[in-house]
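Shown next, in structure tokens, is the structure this report addresses.
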Amino acid sequence: MRIMCGIVAYLGPRPAPPILLEGLRRLEYRGYDSAGCALLEQGELVVCRRVGRVADLERGLSESNLLHSQANQGIAHTRWATHGPPTEANAHPHTDDGGSREAHGIALVHNGIIENHEALRQLLTQRGHVFQGQSDTEVLAHLVGELYEGDLETAVRSALHKVEGAFAIAVISVREPGVLVAARRGSPLLVGVGDKEFVVASDGAAIVSHTSQAFALEDDQLVRCEGTEFRTSTLDNDEVTPHLRELEYDLEQIELGGHPHFMHKEIYEQPEALERSLKGRIDLRRGEVVLGGLADHARQLVQARRVVLLGQGTALHAAMIGAQLIEHWCRIPAEAAYASEFRYRNPVVEEGTVVISVSQSGETADTLGGLREARQRGAFALGVVNVVGSTIARETDAGVHLRVGPEIGVASTKAFLGQVSVLTLIAAWMGRRRHLAPEVLQDVLAELEQMPTRIARVLAQEDRIREIASAVVDRENWLFLGRGLHWPVAMEGALKLKEISYIHAEGMPAAEMKHGPIALIDDGMPVVFVATPGAQYEKVLANIEEVRARGGRVIAIVEEGDTHAASLAEHVLQVPAASEALQPLLTVVPLQLLAYHAAVLRGKDVDKPRNLAKSVTVE
């Protein structure tokens with residue numbers, strides 16, 4: 001299930017509606033199908049909800065004469081339908097009105113899933129509560145109202161002790177103007193602390209234009225904001241001191257900057273993002289990888305007997321590349337595993353097992369669950385994430401941040417490049433301490449520093465990539481094939497195409513094609529090959545011949561100047577020459593642009609693909 005709705009809440013001296021709407025717009029990339037907000041206006045709780053986009057909510061506020069309200073307190077939300085279809089009744093915020101008990105004017109927004117909502121619904125129904133929709137969040141709002149006895153914080157705390165599942169919530173009540181309560185378990189929530197104001201949001205993008213100071217709530221923590229003060233505590237009411245930090249966002253990073261879509265912008269940011277990811281981590285003079293996050297843990301990593309890399313989606317594809325590099329350079333068993341399956345298969349975690357969790361957001365529920373299972377069984381845990389202070393970053397023994405900057409597009413691009421580069425550095429760092437010769441490492445590092453310039457050369461082919469997309473975009477079934485390090489790249493190319501253009505595509509090792517999928521190939525079917533030089537180059541060429549013999553339309557990613565591979569393809573895209581270990585940093589880029597232009601040509605909403613969200617924070 002894919003859920004990453006957006007929460008924005010405001011308490012302060014300024015009118016809340018424009019701040020809430022701006023925050024929701026900043027979170028639109030996360031995916032949603034309805035939006036709503038609740039305001040405390042002149043002693044009354046007013047709620048406006050709309051199916052559709054934030055623009056529809058803005059029109060609704062205007063029609064209700066609330067757009068220019070002076071209310072200085074409110075909560076807002078964008079929702080993906082889970083429990084119940086996208087209707088106004090199921091949209092957030094939800095309130096506690098209805099039922100035999102007096103309503104307390106409580107409004108609540110929620111990310112996550114209340115797993116025992118049916119049992120709670122039955123209990124509350126027996127107590128006279130009447131529900132307007134099917135949402136699990138409405139149950140939670142009624143539960144808070146049921147338990148309210150004059151103190152909103154206490155009611156929220158009591159309610160959360162009774163729920164099972166994941167949540168990030170923000171709550172207000174007409175009975176307690178000037179009070180905002182928020183809490184989390186398993187779903188991220190940030191509290192921005194400004195000049196006599198608070199902005200609570202599920203993402204720093206909704207906070208940064210108001211304040212750069214924020215702290216992340218930990219699991220099972222609650223914050224009460226009132227006036228200019230806030231108090232953070234556990235759900236058991238033990239006071240805790242949060243760590244205020246500078247948000248890593250700046251406004252320029254989360255604006256389009258002249259690009260038609262965030263995905264397009266982020267594809268073009270990849271040379272700069274890679275430079276930032278590598279900066280300070282390569283010492284060419286000494287021929288060393290410098291990873292400060294691993295420096296204190298050299299013994300555990302050098303003595304590792306096995307490495308398991310966990311991820312989902314794009315992160316898993318990066319993990320597959322990392323596993324091959326670790327096995328090749330470190331000469332120890334390494335595997336990439338679906339985090340969602342790892343935790344349930346009773347995995348073998350023996351002494352000397354290192355688990356690397358790979359996630360852009362650092363909040364991916366499946367990856368976090370796999371990490372916790374591995375640590376419980378005694379594994380040494382590393383995190384490879386993009387978001388400083390995320391849950392995975394906090395719960396691992398050590399880690400390396402991607403440093404590629406905020407990624408707004410749902411279909412990951414520059415984060416994948418960052419994950420591959422960081423995993424390459426980790427593999428090289430471990431390998432040098434085991435079996436990797438110094439001259440080999442020196443060559444790898446020198447070439448890594450050249451990759452941003454080479455990626456820019458690939459981006460210069462965008463017009464050609466658009467032409468190829470135009471020639472084949474009408475076909476509904478594609479194959480993406482590669483060998484060695486390139487079959488994860490093929491899988492990533494297929495995923496990008498599926499995510500944003502809704503074309504059915506499969507990526508797999510080229511040899512696997514002969515074991516069934518070759519039956520799918522018919523006249524004109526697009527088959528994308530990653531066919532750059534390497535240990536299995538000749539075998540890839542043979543696979544291309546097999547596809548051509550069956551009428552497939554071959555699109556080949558080849559090395560510049562390779563006329564042999566190019567002669568076998570109907571459409572050719574070239575990448576600069578690179579050593580085999582680093583080729584994925586180049587070969588994935590034309591596949592990203594191919595998917596992007598296929599989606600644009602089909603008229604799809606590239607940055608808001610249907611049914612998808614940027615991060616998956618529940619199972």
Taking it one step at a time, do Y268 and L459 satisfy side chain to side chain contact (heavy atoms under 4.5 Å, CB included)?
CA-CA 7 Å; Y268 270 81; L459 294 172; 4.0 Å; yes

What's the separation between atom [atom1] in [X] and atom [atom2] in [Y], rounded to the nearest 0.5 Å?
| X | Y | atom1 | atom2 | result |
| --- | --- | --- | --- | --- |
| L423 | M320 | CG | CE | 13.0 Å |
| H110 | D136 | NE2 | CG | 5.5 Å |
| L485 | R483 | CG | CZ | 13.5 Å |
| H77 | L27 | NE2 | CG | 10.0 Å |
| I503 | K496 | CD1 | NZ | 14.5 Å |
| L217 | T234 | CG | OG1 | 12.0 Å |

Side-chain ([X]) to main-chain ([Y]) donor-acceptor, under 3.5 angstrom:
| X | Y | value |
| --- | --- | --- |
| S501 | K498 | no |
| Q583 | P533 | yes |
| Q360 | A315 | no |
| N116 | A119 | no |
| N386 | G405 | yes |
| T364 | S359 | no |
| E447 | S579 | yes |
| R375 | E395 | yes |
| D236 | D238 | no |
| R403 | R276 | yes |

Counting only heavy atoms not in [X], do more than 12 fall under 6.0 Å of its [atom1]?
| X | atom1 | answer |
| --- | --- | --- |
| R345 | CZ | yes |
| Y338 | OH | no |
| R286 | CZ | no |
| K604 | NZ | yes |
| H328 | NE2 | no |

Looking only at non-hydrogen atoms, find the nearest pair between [X] and [Y] and report the distance.
| X | Y | value |
| --- | --- | --- |
| V422 | S277 | CG2-OG, 3.7 Å |
| T424 | V420 | OG1-O, 2.7 Å |
| C330 | A427 | SG-O, 3.6 Å |
| M451 | A578 | CE-CB, 4.5 Å |
| A381 | L371 | CB-CD1, 3.4 Å |
| A323 | A336 | CB-N, 3.9 Å |

Heavy atoms, side chains only, cut-off 4.5 Å: are [X] and [Y] in contact?
| X | Y | value |
| --- | --- | --- |
| I392 | T396 | yes |
| R372 | T391 | yes |
| V384 | I426 | yes |
| H504 | L520 | no |
| W429 | L301 | yes |
| L481 | V528 | no |
| I282 | E449 | yes |
| P438 | R432 | yes |

Between [X] and [Y], does at least one N-O distance fall below 4.0 Å, as a salt bridge requires?
| X | Y | result |
| --- | --- | --- |
| D219 | R185 | no |
| R306 | E351 | no |
| K414 | E266 | no |

Just by distance, with hydrogens left out, do [X] and [Y] show a side-chain donor and acceptor under 3.5 Å apart?
| X | Y | value |
| --- | --- | --- |
| Y596 | Q592 | no |
| S212 | E246 | yes |
| T314 | E492 | yes |

Show the numbers, then the answer: is there a side chain to side chain contact (heavy atoms under 4.5 Å, CB included) between L284 and Q442?
CA-CA 7 Å; L284 276 183; Q442 183 78 31; 3.9 Å; yes

Does the ring centre of F416 sit less than 6.0 Å away from the ring centre of H317?
no

Anything under 30° is parallel, anything over 60° is perpendicular, the rest tilted; go ahead and classify H597 against H264.
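Taking H264 first and then H597, their aromatic rings stand perpendicular (interplane angle over 60°).
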
Going through the distances and angles, do Q270 and T413 end up as a side-chain hydrogen bond (donor to acceptor under 3.5 Å, both in side chains)?
CA-CA 8 Å; Q270 287 180 121; T413 51; 4.7 Å; no

Let's go through K608 and V410 carefully: what are the C-alpha distance in whole Å and the side-chain angles of both, what is the deciding distance for side chain to side chain contact (heavy atoms under 4.5 Å, CB included) to 0.1 Å, and is it a yes or a no?
CA-CA 7 Å; K608 303 183 189 72; V410 170; over 6 Å; no

Pair E218-R184, salt bridge (Lys or Arg N to Asp or Glu O under 4.0 Å): steps then yes or no
CA-CA 7 Å; E218 304 279 355; R184 74 154 279 184; 5.8 Å; no

Salt bridge (Lys or Arg N to Asp or Glu O under 4.0 Å) between E275 and K279: does it pass, once the steps are laid out?
CA-CA 6 Å; E275 284 182 357; K279 186 176 182 180; over 6 Å; no

Go through D397 and L382 one step at a time and tell me if the side chain to side chain contact (heavy atoms under 4.5 Å, CB included) criterion holds.
CA-CA 6 Å; D397 297 300; L382 296 182; 5.8 Å; no

Determine, for W329 and R331, whether the Lys NZ or Arg CZ falls below 6.0 Å from the six-membered ring centre while staying within 45 degrees of the axis.
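No.
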
Have a look at S412 and tell me which of E407, Q419, E499 forms a side-chain hydrogen bond (donor to acceptor under 3.5 Å, both in side chains) with it.
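Running side-chain hydrogen bond (donor to acceptor under 3.5 Å, both in side chains) over E407, Q419, E499 with S412 returns exactly one hit, E407.
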
